[in-house]
Number of protein chains: 4
Amino acid sequence: MHSRTPASRPGRPRSAAADAAILAATREALVELGWSKLTLQDVATRAGVAKTTLYRRWAGKNELVVDAVAELFDELRLPDRGSLAADIEGVVLQFAALLDRPECRSGLMAVVAESTRDDLLRERIRGSIVERQKRLVLEGRARATERGELPPEPEDEEEAARTVDLTFDVVAGAVVHRTLVSGKPADEAWVRSFVRVLLLGLAAPS
Amino acid sequence: MHSRTPASRPGRPRSAAADAAILAATREALVELGWSKLTLQDVATRAGVAKTTLYRRWAGKNELVVDAVAELFDELRLPDRGSLAADIEGVVLQFAALLDRPECRSGLMAVVAESTRDDLLRERIRGSIVERQKRLVLEGRARATERGELPPEPEDEEEAARTVDLTFDVVAGAVVHRTLVSGKPADEAWVRSFVRVLLLGLAAPS
Amino acid sequence: MHSRTPASRPGRPRSAAADAAILAATREALVELGWSKLTLQDVATRAGVAKTTLYRRWAGKNELVVDAVAELFDELRLPDRGSLAADIEGVVLQFAALLDRPECRSGLMAVVAESTRDDLLRERIRGSIVERQKRLVLEGRARATERGELPPEPEDEEEAARTVDLTFDVVAGAVVHRTLVSGKPADEAWVRSFVRVLLLGLAAPS
Amino acid sequence: MHSRTPASRPGRPRSAAADAAILAATREALVELGWSKLTLQDVATRAGVAKTTLYRRWAGKNELVVDAVAELFDELRLPDRGSLAADIEGVVLQFAALLDRPECRSGLMAVVAESTRDDLLRERIRGSIVERQKRLVLEGRARATERGELPPEPEDEEEAARTVDLTFDVVAGAVVHRTLVSGKPADEAWVRSFVRVLLLGLAAPS
DNA sequence: GAGTAAACGAGACGGTACGTCGGGTCTTATG
DNA sequence: CATAAGACCCGACGTACCGTCTCGTTTACTC
């Protein structure tokens, strides 16, 4: 294993404070300017840092924004509200609130768009954002299985993973589409309808 | 009603051929370069047109790409395969194929990202792309209701519209998320699983 | 000889009023905008004329401005003030006043500058402006010779022409340089000093 | 006195070589293209420099060309040929040769034309070109006075300055007009005639 | 506590695209 | 035919941002 903490390399160490300041400044700039008008010089200035310092740590705008946005998603929590439906409603509302924050709206879609032509960037997004948050699905599923609300997990691990992926794509996709494409709020009423369809299907009697 | 066909305005009329050539050139450039490296000068050159001609018709890159991509979505058709599930599978596969085309991948997410800070652009996207394709949901729903696969539409018109919106967000969102965010193919197996969840719910016995 | 008055050519005849309006509009625009910011579209609009009409009559900006400025020089008159010195002073003051008008300042030097790379333009300037005004030198010289202020003209015609040219270059050049390059007014005091040098030479006792 | 050499300002210092390369490239482009077809991008490319570097140092085409042309004038020298007439003839011939160089012809008149509407530019021209070269008049005058060819300088300083200015306007103006407006060469014969008039006046017996 | 090596702030630099503007040509319908 | 209107192609404009570089300075660790 290569030295992760290189036993203090020679020379002046990188400022730890700078990283945090830069990410915060990036989010601040995203709020005020949005992705396309955000400039790295502006971020550097807001962070009280030189542009070179910024380039020493991130390869470019995309990578920086991925990291800045990724931190936001770690705030998500799966509440225990007693039933699967209520639990999902809770986390979906949090997710909707997150997507309502301008730094998230502007940044997330932009890097996803860039990632369609940049495989490294896609992997970075998947690693930093998508896969990290599948923990929520896993946790909810486990809790629901325990409660008897869902059938036991299939023994086939791949099959189980596919179900998690599908669930995540449906939930995340629906909320993102509602919020950013349709441009309507994912409010409590909508979330209730959505979770109903998710659990019971479209064909269920209303 | 104001004159829609202004009985020949003075001066040389705009070239009708130019519009089509520009939109085609835009898609071509999206395929080769992707959104972020696409330049209007390049599009103009491909279309055999001056840059000014392009700016006379569209306000900028965003508006141009929306129109170029919107045309693609009109190719979608709802096949009649005998059952609701099969119909949805059919159209979802078409949608997935569309999102697999580079001109669509690069362009669509980018303009959605821009639209988070530009209300006019969002409306343009909604009008040109989203609302236009809800026809597919309406048609599928009507056909399924006729077949007895879905309960009759609610009498409340707003309620009905909400259901259509929700269905569209779930379907479009899931496919987009699978394809562009998770970066995995929306192949037949995945579509079958997805439609099963959509119609019967997550809790359904497998 | 080709038909100068074409006995009514077929089709609509050219508007005679347009020419005058365009030249006047050109001078007006020169006053307000100067050479470099003057646009042909603007001139056309001021003249109440379409741009095509303008291009049908002049090859471009340079030719148009030469004609517009040339008209101004025809106002110059050689006054009879009784002595050669006084006559020259009179015409030089007129010339200075002309060069003080913005339409002249801006236009004249600009076309001269262009003419350094465009032989047709130089000939046009010479024909329309320079040679036309040598009449003043000829007239003044004749009058002075008659008065006995100058020796009789040399019999050699070329020699005589050379003297006229030299005189014109010295007078016109000095005034232009004073006014446009040195940027100081060619007022009465300066003109008096200048004419003294011109007639008596630098070495003359003051 | 404020720091002229600011003890090394922060940041990368400006490339000294770039300035010279740009001015040389400007003259080269003036020769090949002339003022009106000269583009800053082309100059930058010739100089092996980015367009931005050029704009960082000069406000625009006018300022750049003034500096590029001004350097040429510093080559002028007043030869000592033994008499005032011969000295003037010598420097006038140099001046004529200078005005025969395409980079000078195109550039000089163009910036003078622009300066009629731009006071800062006029001052720049005066400072960089006109006033600098009055040294030649001063030197010639001093030498001639010493030789007894000219009466001693007036004690009134303003009066003396006025004479210098007048001489400069007459000499420079005549040569410029002969060369650029009349479009004929200021060759030895012409220069001899001119200097004769300058020193002895028009009325002198030939 | 001097030496070394890297991080750092500042800003110049080579590029590239932007959106605008003017020149000059053309294509309409109208006079 | 000439004209008014305006679209069209072309190319330069001046600006902005990118990502790299080159300075002088600062801050640790090492010998």
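Letters go in sequence order (proteins before strands), and every chain restarts at 1. Any value given below was found using the heavy atoms of this structure, including those in side chains, with hydrogens, waters and symmetry copies removed.
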Residues in side-chain hydrogen bond (donor to acceptor under 3.5 Å, both in side chains) contact with [X], at least two apart in sequence or another chain:
{"X": "Thr45(D)", "answer": "Gln41(D)"}
{"X": "Thr52(D)", "answer": "none"}
{"X": "Arg117(C)", "answer": "none"}

Specify the separation, in whole Å, of atom [atom1] of [X] and atom [atom2] of [N].
{"X": "Trp58(B)", "N": "dG19(E)", "atom1": "CH2", "atom2": "C1'", "answer": "17 Å"}
{"X": "Leu54(B)", "N": "dT20(E)", "atom1": "CG", "atom2": "P", "answer": "12 Å"}
{"X": "Arg56(A)", "N": "dA7(E)", "atom1": "CZ", "atom2": "P", "answer": "6 Å"}
{"X": "Asp19(D)", "N": "dA12(E)", "atom1": "CG", "atom2": "P", "answer": "13 Å"}
{"X": "Ile22(A)", "N": "dC8(E)", "atom1": "CD1", "atom2": "C1'", "answer": "11 Å"}
{"X": "Trp35(C)", "N": "dG22(E)", "atom1": "CH2", "atom2": "P", "answer": "14 Å"}

* DNA chain E: 5'-proximal contact among Ala50(A) and Arg57(D) (nearest heavy atom) ->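 Counting from the 5' end, the first nearest nucleotide belongs to Ala50(A).
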* **5' precedence on DNA chain E between Ala18(A) and Ala16(D) (nearest-nucleotide basis)** =>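 Nearest-nucleotide comparison on DNA chain E picks Ala18(A).
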* Write out all pairs satisfying side chain to side chain donor-acceptor pair (under 3.5 Å) with one or both partners inside residues 11-24 of chain A, taking only residues at least two apart or from two chains. => Asp19(A)-Arg57(A)
* Asked: Please, which pairs that meet side chain to side chain donor-acceptor pair (under 3.5 Å) have at least one residue in residues 103-115 of chain D, sequence neighbours excluded?
  -> Ser36(C)-Glu114(D), Asp100(D)-Arg105(D), Arg101(D)-Glu103(D)
* Asked: Val66(A) and Ile129(A): which non-hydrogen atoms are nearest, and at how many Å?
  ->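 For Val66(A) versus Ile129(A), the nearest heavy atoms are O-CD1, 4.4 Å.
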* **Which nucleotide in dC8(F), dT3(F), dG9(E) has an atom nearest any side-chain atom of Thr53(B)** =>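 Side chain of Thr53(B) sits closest to dC8(F).
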* To do: Report the residues that fulfil side-chain contact (heavy atoms from CB on, under 4.5 Å) with Glu63(A), sequence neighbours left out, ordered by chain and then residue number.
  =>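 Glu63(A) satisfies side-chain contact (heavy atoms from CB on, under 4.5 Å) with Trp58(A), Ala59(A), Leu121(A), Arg124(A) only.
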* Thr116(C) side-chain N/O to Ala113(C) backbone N/O, donor-acceptor pair under 3.5 Å ->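 Yes, Thr116(C) side chain to Ala113(C) backbone: donor-acceptor pair under 3.5 Å.
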* **Near-strand residues of residues 110-125 of chain B, defined as heavy-atom separation under 4.0 angstrom from DNA chain F** => none
* Structure fact -> Residues at least two apart in sequence or cross-chain that pass salt bridge (charged side-chain N to carboxylate O under 4.0 Å, His left out) with Asp42(A), listed by chain then number, are Arg46(A)
* Using a 4.0 Å cut-off on protein heavy atoms (strictly under), produce a 5'-to-3' string for nucleotides 17-24 of chain F with B for base contact, S for backbone-only sugar-phosphate contact, and - for none. => BSBBBB--
